[in-house]
Student: 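The structure under discussion is supplied below as structure tokens; questions concerning it will follow.
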Amino acid sequence: MRRFLVAGNWKMNTDRVTGTALASALAAAAPETDDAVEVLVCPPFPYLSDIGAATTGSGVQLGAQDVYFEASGAFTGEVSVSMLRDVGCSHVILGHSERRHVMGESDELINRKVRAGIEGGLHVILCVGELLSEREAGQTESVLDRQLTGGLDGVSEEEAMDLVIAYEPVWAIGTGVTASPDQAESAHAHIRKWVTDRYNSVFADRVRILYGGSVKPDNAQTLMQQPNVDGALVGGASLKANDFVPIIGAAKTLASV
Ligand code: PGA
């Protein structure tokens, strides 16, 4: 059985005091590594060290929201994989829709980041997802195929070993509109089939596919109980322990049945 992953994407939110308090509350709620449910927080870059300190020794892992593909040098404003490792990150989110649509990142750029992240030993969470107009035009699957093909270009099965894919329909992110469990399951099943065709069924069976887009305590369980949904990438509801902890709890409940 695939281990659930519940990840919080804090985006450009919190400050040192509120972020540390949130991290401490999560560390208290998830004091040790859980065999059934993995917990991850991805704070803004400036707070990674503080949040890492607040979660050290707990079951809460640390991730970043982006990374640059170059190792070092004259790349003003960017951070490298080794810097993220240096401050205790195990994971990095790449290809988030806000990076794609607000910052204009292409599949090619995302692919370079994915490869650099994997090469440097980070667990990559590759986000894919369609716009509302693309869904309405019946293009959801072709958009997912394009983003997966581009994002994982040149990535072997061995390199993809720790890869996590997150399906995040853009129309559901931060909107309060969640994909229905059927819509999520259908996209996730499609992604798993893509992984089967691109790699093989053994690997596809192992790779975790998270759902993201307005996940809340009251919809988390129904979403994660879909056979191909292996956890959640949570934005808004990851900013309050009172919301995020019950989402972790929903995964624990599902893992225990
Ligand atoms: P949301 O964001 O939960 O606020 O919709 C999810 C995400 O963007 O990862």
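In listed order, ligands and their atoms are each counted from 1.
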Student: Quick check on Ser214 - does any of its heavy atoms sit under 4.0 Å from an atom of ligand 1?
Tutor: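 Right, Ser214 reaches ligand 1.
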Student: Check whether any N or O atom of His96, backbone or side chain, sits under 3.5 Å from an N or O atom of ligand 1, and answer yes or no.
Tutor: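 Such a contact does occur with ligand 1.
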Student: Please write down residue, atom name and distance for the protein heavy atom closest to atom 4 (O) of ligand 1.
Tutor: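 Minimum-distance protein heavy atom for atom 4 (O) of ligand 1 reads Gly236 N, 2.8 Å.
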Student: Output yes when the distance from some N or O of ligand 1 to some N or O of Lys11 is under 3.5 Å, and no in every other case.
Tutor: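 Right, the criterion is met.
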Student: Taking the basic N atoms (NZ, or NE/NH1/NH2) and the acidic carboxylate oxygens, is any pair closer than 4.0 Å for Asp107 and Arg100?
Tutor: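 Judged by the 4.0 Å cut-off on N to carboxylate O distance, Asp107 and Arg100 do form a salt bridge.
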Student: Side chain or backbone of Asn9 under 4.0 Å from ligand 1, or both, or neither, by non-hydrogen atoms?
Tutor: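 Within the 4.0 Å criterion, Asn9 contacts ligand 1 through side-chain atoms alone.
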Student: Excluding sequence neighbours, so at least two apart, what forms salt bridge (Lys or Arg N to Asp or Glu O under 4.0 Å) with Asp197?
Tutor: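 Salt bridge (Lys or Arg N to Asp or Glu O under 4.0 Å) list for Asp197, sorted by chain: Lys193.
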Student: Got a sec, which pairs hit side chain to side chain donor-acceptor pair (under 3.5 Å) with one end in residues 41-61, sequence neighbours left out?
Tutor: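 Residue pairs with at least one partner in residues 41-61: Glu38-Gln61.
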Student: How close does the nearest protein non-hydrogen atom get to atom 6 (C) of ligand 1, and which residue and atom is it?
Tutor: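 It is Gly235 N, 3.5 Å.
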Student: Is there a side-chain contact between Ile173 and Glu98 (heavy atoms, below 4.5 Å)?
Tutor: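 Heavy-atom side-chain distance check passes, below 4.5 Å.
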Student: Show the atoms of ligand 1 that are less than 4.0 angstrom away from any heavy atom in Gly213.
Tutor: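 The atoms of ligand 1 under 4.0 Å from a heavy atom of Gly213 are 5 (O).
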Student: Among the heavy atoms of Lys216, does any lie under 4.0 Å from an atom of ligand 1?
Tutor: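 No heavy atom of Lys216 comes that close to ligand 1.
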Student: Quick one: does Gly174 get within less than 4.0 Å of ligand 1, heavy atoms only?
Tutor: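 The answer is yes, since Gly174 has a heavy atom less than 4.0 Å from ligand 1.
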Student: Look at atom 9 (O) of ligand 1 and say which protein heavy atom is nearest, naming residue and atom and giving the distance to 0.1 Å.
Tutor: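 Going by distance alone, atom 9 (O) of ligand 1 is nearest to Glu168 OE2, 2.7 Å.
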Student: Check each heavy atom of Ala172 against ligand 1 and say whether those closer than 4.0 Å belong to the side chain, the backbone, both or neither.
Tutor: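 For Ala172, only backbone atoms sit under 4.0 Å from ligand 1.
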Student: Between Val41 and Leu22, is the side chain to side chain contact (heavy atoms under 4.5 Å, CB included) condition met? List the steps.
Tutor: CA-CA 10 Å; Val41 290; Leu22 173 57; over 6 Å; no
Student: Between Asp162 and Val124, is a side chain to side chain contact (heavy atoms under 4.5 Å, CB included) present by the stated rule, with each step listed?
Tutor: CA-CA 7 Å; Asp162 295 318; Val124 168; over 6 Å; no
Student: Does a side-chain heavy-atom distance below 4.5 Å link Lys252 with Phe4?
Tutor: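 Heavy-atom side-chain distance check fails, nothing below 4.5 Å.
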Student: Mark yes when over 12 heavy atoms from residues, nucleotides or ligands other than Arg146 sit less than 6.0 Å from its CZ; otherwise mark no.
Tutor: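 Check passes, neighbour count above 12.
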